[in-house]
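Worksheet: one structure, shown below.
Residues take their numbers from the sequence shown, with the count starting at 1.
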Amino acid sequence: MIRTEEHEEDYMSPPWLMPMLRGSYFIPCSIHADSNKNECNLFCLDCSGNAFCSYCLVKHKDHRVVQIRRSSYHNAVRVNEIQKYIDISCVQTYIINSAKIVFLNERPQSRIGKGVTNTCEICCRKLLDSVRFCSLGCKIGGMKRGYQSLTFSLRGKHGREYQGGSESDEATTPTKMRKTNAFNRLSFSPGTPPIYNHRNSSRRKRIPHRAPF
């Protein structure tokens, strides 16, 4: 079966990822042009439409929305937001304003300094860590080359696809609660009568006799 480029991208990644990478951000919102702070820096993963401003957020209630940020004229998203929905492994992360971020698209470098041992496999940008790509877009480029190990799919511990949110100790809480409740039922159940020893009771109620003088 022959796939077009668009269908191929949808096959390899979530349907909202490419629209997010190609979106136009930090432009004035056409609906709220007269309002302050009307730059379009939000993207809805459920709608996969154009970027919108904070005033438009009311139209996306209960939707998955991420905020696009900018560093050195390049668009980025915070790791703690995007990692809920896709696997960002093999992509370089950076610390910007005390927050960890990943860049959306490639940032090629014309010059590579001496002593650089690791660069992006797609755009050849210098990398800080032992990873393969400088951005989410470059990871898609690696997937297009046929690297079978690359994926954006989040998998749980048992191989099931993870739908979002970070894993925590909450996953074990129901089991702990069930064990605690079972213990409480065994120890304090009102339906269990106390053990009553008739022999010992009759001995205690017997009237003592005095020895004769």
- Residues pairing under salt bridge (charged side-chain N to carboxylate O under 4.0 Å, His left out) where one sits in residues 40-49, two or more places apart or in two chains, turn out to be Asp46-Arg64

- Message: Once rounded to the nearest 0.5 Å, what's the spacing between atom NZ of Lys139 and atom NZ of Lys144?
- Response: 15.0 Å

Could you pull out every donor-acceptor pair under 3.5 Å between side chains of residues 96-109 and any protein atom, sequence neighbours left out?
{"residue": "Asn105", "atom": "ND2", "partner": "Leu21", "partner atom": "O", "Å": "3.0"}
{"residue": "Arg107", "atom": "NH2", "partner": "Tyr94", "partner atom": "OH", "Å": "2.9"}
{"residue": "Gln109", "atom": "OE1", "partner": "Lys126", "partner atom": "N", "Å": "2.8"}

Under 3.5 Å, which donor-acceptor pairs do the side chains of residues 116-124 form with other protein atoms, sequence neighbours left out?
{"residue": "Asn118", "atom": "ND2", "partner": "Asp129", "partner atom": "O", "Å": "2.7"}
{"residue": "Asn118", "atom": "ND2", "partner": "Val131", "partner atom": "O", "Å": "2.9"}
{"residue": "Glu121", "atom": "OE1", "partner": "Arg132", "partner atom": "NH2", "Å": "3.3"}
{"residue": "Glu121", "atom": "OE2", "partner": "Arg132", "partner atom": "NE", "Å": "2.8"}

- Query: Side chains of Cys134 and Leu127: does their closest heavy-atom pair fall under 4.5 Å?
  - Reply: yes

- Task: Look up atom CG in Asp87 and atom CG in Leu136, then write down how far apart they are to the nearest 0.5 Å.
- Result: 10.5 Å

- Would you mind reporting whether Ile86 and Pro14 have side-chain heavy atoms less than 4.5 Å apart? yes

- CG of Leu42 to SG of Cys53, rounded to nearest 0.5 Å, is 7.5 Å

- Take Phe43 and Val77, measure what side chain to side chain contact (heavy atoms under 4.5 Å, CB included) needs, and give me the verdict at the end. CA-CA 10 Å; Phe43 184 82; Val77 63; over 6 Å; no

- With sequence neighbours left out, what residues match Arg69 under salt bridge (charged side-chain N to carboxylate O under 4.0 Å, His left out)? Glu81

- Is there side-chain contact between Phe133 and Leu150, with at least one heavy-atom pair below 4.5 Å? yes

Run the side-chain donor-acceptor check on residues 25-39: report pairs under 3.5 Å with partners two or more places apart or on a different chain.
{"residue": "Tyr25", "atom": "OH", "partner": "Met20", "partner atom": "O", "Å": "2.5"}
{"residue": "Asn38", "atom": "ND2", "partner": "His32", "partner atom": "O", "Å": "2.8"}
{"residue": "Asn38", "atom": "ND2", "partner": "Ala33", "partner atom": "O", "Å": "3.3"}

- Ser48 and Leu45: which non-hydrogen atoms are nearest, and at how many Å? OG-O, 3.3 Å

- ring pair (Phe, Tyr, Trp, His ring centres under 6.0 Å) against Phe52, all qualifying residues, sequence neighbours excluded: His60

- Item | Cluster link Tyr147 to Ile140, ILVMFWY, side chain under 4.5 Å | yes

- Any chance you could measure Cys44, atom SG, to Lys59, atom NZ, to the nearest 0.5 Å? 12.5 Å

